[in-house]
Amino acid sequence: MIPAAFDYKRASSAAEAISLVGQYGDEAKFLAGGHSLIPLMKLRLAQPAMLIDIGRIKDLSYIKDGGDFIAIGALTRHMDVEKSALVIKEVPLLAHAAGYVGDAQVRHRGTIGGSLAHADSASDLPATTLALGATYVAQGPKGERLIAAADFYKGFLESALNPDEMLTEIRVPKMNGAKWGFEKFNRRAQDWAIVGVAAWRSKDASGVALVNMGSTPILATSVSDALKSGASVADAAEKAAAEAEPQDDLNASSEYRVHLAKVLVRRALEKATA
Amino acid sequence: MTMTDNRQNTVIGTRQLRREDPALLTGEAKFTNDLNLPGALHLSILRSPHAHAAIVSIDTAAAKASPGVVAVYTGAELQSQWAGPMPCAWPVTPDMKNPPHFPLAASKVCYVGDGVVAVLATSESASRDALDLIEVEYKVLKAVVDVEEALSDANIIHEDLGTNKSYTWNLKIEATEGCVEEAFQKAAFKVSERYVQQRLLPMAMEPRAVAAVPQPFGGDITLYSSTQIPHILKVMAALTLGIPEQQVRVIAPSVGGGFGSKLDVYAEELLCMALARKHGLPVRWVEERSENSMATIHGRGQVQYVELAADKSGKLTAVRVRIKADMGAYLQLVTPGVPILGAFLYAGVYDIPHAYDFSCDGIFTTLTPTDAYRGAGRPEATYAIESAMDALARQMKIDPFELRKRNFIQKEQFPYTAFSGLTYDSGDHLQAAEKAAGLADYVGIRAQQAKQNVPGAKKRLGIGMSSYFEMCGLAPSRVLASLNYGAGGWEAATVRILPTCKVQVVTGTSPHGQGHETSWAMIASEKLGIPQEDIDVLHSDTAISPLGLDTYGSRSLPVGGVAIAGACDKVIDKARLIAAHQLECSADDLEFAGGVFSVKGSPDRAVPMAAIAFAAFTAHNLPDGLEPNLEAQYTYDPPNFSWPFGTHMCVLEVDTETGQIEILKYVAVDDCGVQINPLIVEGQVHGGVIQGLAQALFEEAVYDTDGNLKTTTLAEYLVPAASDVPSITTAHTVTPSPTNQLGVKGIGEAGTIGAASTVINAVVDALSGIGVTSMPMPASPQTVWRAIQSAAKK
């Protein structure tokens, strides 16, 4: 549990962080809440030569009403998302999912931007924001760009962010009263989901995304298409794994994951339809 | 609590917070790695990445040149440091095969985690960094992972032994020759079951840590270690290193859990001592969590074949057991004896004739060595008999509780001499089982089950039970001799009343979470009539407590606690002589109560212990020939094991779509005789139950076919947290032990012994209506789902 040697710089603004990462290039990693990176470093699975600590950039921790969407600063802690009256009112699915990240200690330290940028398909928030059709704001040396959640996840722990870019804001469309369901299936409360489902449904639309059903979070478009063409929840849920490429691991074979995805999508949609 | 005990205790039996806890909860307690040792060198160990390989060459040049590195040693370079191989204290048979095992492997590695190179550096990070610079060339050999395949000897691990089998140990008890076989031929009902006790990682919250501090002159050395056994370690380390025993002092500072994993003599302890002596500086080592998964012993690891024969009423007529026990790569301190500790319990709490046939093969594999883990052999045995009893009940189509009632040893039969010759000192199994059934609403659950478990039910209800005996309180020395164990089973205590009537209780037990300081002070307070706050308990330092056999096997109270009571008696006897001298009466005319001696019938002729303590110290006016001071040592060798017992019940639901299990109720009725501190008893039961439940549902050390451990961190190795386990309803019956003056029995392992079979029996009970008749451990959702799927296909 002793990480390899590294250097450390603390950035006081997004601009400074981006300038530092430009300076150190591939050797550098952003450190936000540290709940993904530090364990990897302790196991020496990650050995960045430079840590750029962005955790104290105060002006990246906020939750604002952006009109059609809720804007969440990338360094907002999970606990703040979970407890925010605004998020609970406008994007209750996200507030609920934030309450399932890790355990209470993790939720007090870990940040929404850190979780999304880490791009772990087993995490709850990438799939949840994907289901909700969120847009991520990335800041780089040439300024800001917007990346749709659907375009963000490129592979295992791999995102559309360039090495010199930093995630600064998450824009989540308001749910406007759409009903929702969230299912997290695991063996211990604090674990990553073996399979998870975030789903919402309004009169004429729906969004369903899967946790840990492939190398990226999976948008289950076949389910939404089936619902749109009038299929029952049970029939639509049968298509849960159509877009997924689930892996085998110690907790579940791919076959069992596919089965779980169908059951859990059905349960989530039943809640979103009730 | 139904107290059937008629002792007039005032301190014993009260529910008290533990005096240990403020320091532990505020972080004030000092663990081995908290010691401040200026100038200490840090040890890191390069471990084998292969399960089985010959060491071809080792290049340490780059590591030696690394900043902060003081020295780098291979196994071959340290070979001269050892007077002998690492100890195995339990050669269970005269012909047991035991491969030489040294702190570092010299020519070949036999498991992933086997130590290969030791690095000493001026800081922990420097020694850790240097590991990455060492080049070892291996010739990889075939891993031997499956314990039953290992027996074929297709790949022999220790060539010099010529076989992978360490030993075969038999216990065949027949009233007449051939009666076991005859019973099976005549049986109206027979079950033949195979159970796998998966390997478990003990996962003490504090990993192991060691610091060896040499004295500059004279060769003395102090070893600090996160150990359960400072006394045994002292002897074994002295022998292995060839140091005169009186020059070795072992101290166990605060120890963050052991569960048997720190009941061992480990390579790192010996390495730190040898290198501290060689360099003349303190040498320290602390284990990483993933290192702990590989380099600290594992628990369980048995394949069990269990057969029961019964007559037409279900009364057991014979028991036959064959065990394939996974020793791992080497024999650690008591590795071979672990299954033997269970050998006597495969008939459980049942009255069986002399028709018992047990045999165990101890087998080497290329995996981490196994050794004692909470319950050591007895949870495995209890699991097997209690699961087989349920299988028998299913075959007979009778209620499993009813089957148990027909077989329980009856209350009137105690003390009961079992087929094995062991005497079960006390028990009332029916009472414990009925109490559990009442608390679990057994009858109500059965009725609800009939309604709920209809075909196609999404949630199926199950109830499981397990009745157990815990053979603990290790142990009568003569019994240990008959089992070829290398030491006795006594425990020592010293009670010293200081001039100001404050008390030091010195114990040979070595607590690591059990609350001995609280409980031992309560015992001494009860005996001496001195307030608890005036009593300190000293332990875990061989210079302060030179005699002892340490803590394991639920022995501390029924052996060590009883020794304290005995030492108190000796002190009181001496004080009585002084009191009689002062009161000018005969010692026989005095009674002692509440810390005061008084003349029988004349209560105003009295003298308090405080006055006697001071008189004993000044020695101005003592009876002729009496030594000054109030101090006595007492060593207690128990005449019998202690036999706690009880019944656990578990009510749960299985989600038949996902395989997920939800425990609705867990009831533990335990009888550990007289309870010193019921709050501590409850804590032990809670922890024990959770550890057994964890084996049933969560935990498994998973290896791949190349012998790589896949569960090296707490993300993969699923130790349940508080949010993952049910509330536990604890209750007790009190059947005092007749074999010791306190009437106490052990309670440390009972929860674990009862829990695993209780939970699995409930799972199978829930699913037996849809064709599931067995359930491997851990019953993960996927495992349960697969069992449901495969039953549906039948």
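Protein chains get the first letters and strands the later ones, always in sequence-line order, with residue 1 at the start of each.
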Sort out for me which of B:E716, B:E700, B:Q660 touches chain A most, counting heavy-atom pairs under 4.5 Å. B:Q660

A:K184, NZ atom: more than 12 neighbouring heavy atoms under 6.0 Å: yes

Pair A:R44, B:D132 - check side-chain contact (heavy atoms from CB on, under 4.5 Å), show working. CA-CA 10 Å; A:R44 299 200 174 200; B:D132 295 345; 2.9 Å; yes

Taking atom CD of A:E270 as the centre, report whether more than 12 heavy atoms of other residues, nucleotides or ligands fall under 6.0 Å from it. yes

Below 4.0 angstrom, N of the basic side chain to O of the carboxylate: do B:D724 and A:R187 qualify? no

Checked B:G659, B:A715, B:S723, B:S44 vs chain A; the most non-hydrogen pairs under 4.5 Å come from B:A715

When the 4.5 angstrom heavy-atom criterion is applied to B:P207 and chain A, the contacting part is neither

Can a salt bridge be assigned to the pair B:E657 and A:R267 using a cut-off of 4.0 Å between side-chain N and carboxylate O? yes

Does any backbone or side-chain atom of B:T783 lie under 4.5 Å from a heavy atom of chain A? Answer side chain, backbone, both or neither. neither

Okay, A:L43 and chain B: the region with an atom under 4.5 Å from a heavy atom over there is side chain

What part of B:I661 lies closer than 4.5 angstrom to a heavy atom of chain A: side chain, backbone, both or neither? neither

Could you check whether atom CD of A:E245 has more than 12 heavy atoms from other residues, nucleotides or ligands sitting under 6.0 Å from it? no

Pairwise distance CD1(A:I2) to OG(B:S123) - rounded to 0.5 angstrom: 8.5 Å

Tell me, side chain or backbone of B:L714 under 4.5 Å from chain A's heavy atoms, or both, or neither? backbone

B:D655, part contacting chain A, at a heavy-atom distance under 4.5 Å: side chain

Can you find a pair of side-chain heavy atoms, one from B:Q789 and one from A:Y256, that are under 4.5 Å apart? no

Heavy-atom side-chain proximity of B:E288 to A:K42 below 4.5 angstrom: no

Salt bridge flag under 4.0 Å for residues A:E255 and B:R786: no

SB check A:D249 B:K710 (cutoff 4.0 Å): no

Turns out that what part of B:S290 lies under 4.5 Å from chain A's heavy atoms comes down to side chain

Which atoms of B:P720 come close to chain A, meaning under 4.5 Å heavy atom to heavy atom: side chain ones, backbone ones, both, or neither? backbone

Atom CZ in B:F698, atom CZ in A:R188: separation rounded to 0.5 Å? 8.0 Å

Closest-packed option against chain A by number of heavy-atom pairs under 4.5 Å, given B:L718, B:V719, B:D129: B:L718

Around atom CD of A:Q47, are there more than 12 heavy atoms from other residues, nucleotides or ligands closer than 6.0 Å? yes

